[in-house]
Amino acid sequence: MLKINQLHKSYPIGDSSLHVLKGIDLEVEKGEMVAIMGSSGSGKSTLLNIIGMLDEADSGDYILDELPIKDLTEKKAAVYRNKFLGFIFQSFNLINYKNALENVALPLYYQGMKRKERQEKALFHLEKVGLADWAQHLPKELSGGQNQRVAIARALAANPKLLLADEPTGALDTKTSHEIMAFIQQLNDEGKTILMVTHEEDIASMCKRVVRLRDGVIMEDKKVEQVRAEQYV
Amino acid sequence: MFDLDLWREIFQSINMNRTRSLLSGFTVAFAILLFTILFGIANGLQNTFAEAFVDDATNSIFINSGMTTKAHKGLQSGRRIKFKNEDFDYVKEEFGNKIEFITARIYRNTQASFRNEQNTYDLRAVHPDHQFLEKTKIKEGRYINQNDLENKTKVAIIGRLVEEDLFLKTTALGKYINLSGIQYKVVGIFTDAGGDNEERKIYMPITTAQHLYGNNDYIDQISLTYNPEMNYDQALAFGNQITKKMKDRFSVARSDQRAIRVRNMAEGTRAISKMTGVLTFFILFIGLGTLMAGIVGVSNIMIFIVKERTKEIGIRKALGASPKSIVSIILIESILITAIAGYVGLLLGVGVLELAGPSLKTYFIKDPSISNSLVIGATLALIIAGTIAGYLPAKKASRIKPIVALRND
């Protein structure tokens, strides 16, 4: 599904440069649920950005579903992101003047889908996250957990191969966090491949595999016994 | 290709930021308002000038006589110069190849009456060419012709307002009008663009007037138009040449300014066209300046909009928006705001001109208005202006990196 080989990335800081990723090797199979852990500055977000084609590596290979991701033009990157990837952010990143339905329908708009069709599809996904009744509400009228569920519905709308989550529970309280995690686990049960950046141990323990980064290299990569989130809800 | 969804996106964005859009539109609307009004006023001034000269052909030369002020060739000063038919013939022969139309004039006041109506009018006794010099338009009947001159016929061509004054609601053509005691047949009624005063005149053949008023061959003035193909310098030289020849003919000192006076319209026309040219240039300069300020204003606000929407643009890009779609959103929004606001300004400007126009006549501004072609031109300029104003911000927006935009802050 996902194959990364000797990935390097550095950022210029003034005259010198900061070497953030120092040769990452990572392979993720279809249906996996992987947590990437590490303290801040360990390079976990940079890694996720490169996987999400929001950033480009200096060297190394990145193959997504047998498709080499290299030297992308902005246009091509936009198409790939739209087709292959679903994003879930810590701060939800919903568009504040669009209601829940419109937000969920946005990736479908960029796919060129007809208005009627994409609204139907968006409504279907909102239903799946249990927010069909809130379709016409603006993000500011929803709670944090509801907003994150709208964001998840949006990430799912385009039916991506890979779901990328950057601290999806970072802005939520424990109870809501567990609700969201239960939902993400359910998606994984249905077969979605999920890659998640977090620095919370209990969230990481709800994944099936934990990859620990420190100073730009992988320190540890092990399968874990998944803690089900439902029991806390 | 009409992308309804794109327009929906743009209207949603404008609607969400109404104040901001209004503010940025205001600059443009104001610029166009100023531009329209300035342009209208310039046009009004030009109309006033044009009207001042519409009465007579612009290539006219008038030759008048007066009293000598200097002794010359043994003749005393204070001698009265009077033109006669032979002088008219002389000018006609001497300069025949350079003259388009030529006429002599005799001026009189006349008491005119028809039945119980009577009034005093200017009478002009002229040659047939006078019609073209004065730009007289015949409404009914005919003008003076060669036959009238030869037979000294007692005919009159009267102005539209003379007919109205004396003949009331009836037609004057074919009836007899009494001019200072003599009956003349009305053979023509004319109109003149020179205004009411010009339409209260009566024309008759010059030979008739000479015969009836003193039985002499004096004339008051010789008027002519020169060949319109002559340029300014040639026309000026021609006028000077006439002055010289006529002064010699009457033994008048070259430096005598009073005895022979030649008025050459070429001089005035030249000065006016120069002045309106400069005026138009200034108005265009000011107008374009204001428009430019408007463009900069919109551009500035669009840059601000892009900055404010950085995060949103980042989200869109992460969800698969192509750079092109980002550019079109910003660009079309900019064009839309500029075009609508500009059009409002244009309408306001036209309205102001329309309302204030009549009261501006005292300031030598007549019919201030702007032409349709200018309106179309301005609309196109606005769309171009919107594109220019939106281009840089749109480019900036398309270069936003989603990773930067989405960084938690």
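Residue numbers begin at 1 in each chain, while the letters A, B, ... track the order of the sequences. These values consider heavy atoms only, across backbone and side chains, with no hydrogens, waters or symmetry-generated copies.
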Check your understanding: So which part of B/Lys401 gets closer than 4.5 Å to some heavy atom of chain A, the side chain, the backbone, both or neither?
Key -> neither

Exercise for review: Check the surroundings of atom NZ in A/Lys22: do more than 12 heavy atoms from other residues, nucleotides or ligands lie under 6.0 Å from it?
Suggested key: yes

Check your understanding: More than 12 non-hydrogen atoms from neighbouring residues, nucleotides or ligands closer than 6.0 Å to CZ on A/Arg214, yes or no?
Key -> no

Study note, to complete from the structure: Within residues 299-309 of chain B, the residues sitting under 4.5 Å from chain A by heavy atom, in sequence order, are B/Arg309

Point to revise | Over all atoms of both residues, closest heavy-atom pair of A/Tyr110 and B/Gly320 | key: CB-O, 3.6 Å

Practice item. Output the option from B/Ala321, B/Pro402, B/Ser325, B/Ser322 having the highest count of non-hydrogen pairs under 4.5 Å with chain A. Key: B/Ala321

Practice item. Would you name the heavy atoms of A/Phe87 and B/Ala318 that are closest together and state the gap between them? Key: CE1-O, 3.5 Å

Exercise for review: Tell me, out of A/Ala78, A/Gly86, A/Gly170, A/Ala155, who's got the most heavy-atom pairs with chain B below 4.5 Å.
Suggested key: A/Ala78

**Study point:** Other residues, nucleotides, ligands: >12 heavy atoms within 6.0 Å of A/Glu190 CD
**Key:** yes

Review point. Does CZ belonging to B/Phe282 count more than 12 external heavy atoms closer than 6.0 Å?
Key: no

Check your understanding: What residue, out of A/Ile95, A/Asn96, A/Asn49, A/Leu85, has the most heavy-atom pairs lying under 4.5 Å from chain B?
Key -> A/Ile95

Exercise for review: Compare every heavy atom of A/Glu74 with every heavy atom of B/Pro323, then report the nearest pair and how far apart it is.
Suggested key: CG-CB, 3.7 Å

Review point. Checking side-chain contact (heavy atoms from CB on, under 4.5 Å) against B/Leu319, which of A/Asn93, A/Leu108, A/Leu106 comes through?
Key: A/Leu106

**Study point:** Atom CD of B/Glu354 with >12 non-hydrogen neighbours under 6.0 angstrom
**Key:** no

Point to revise | Side chain, backbone, both or neither of A/Tyr97 within contact of chain B (heavy atoms, under 4.5 Å) | key: both

Revision key, fill the gap. NZ (A/Lys98) and CD (B/Gln12) are apart, to the nearest 0.5 Å, by 4.0 Å

Review point. Does any heavy atom of chain B fall under 4.5 Å from the side chain of A/Glu167, the backbone, both, or neither of them?
Key: neither

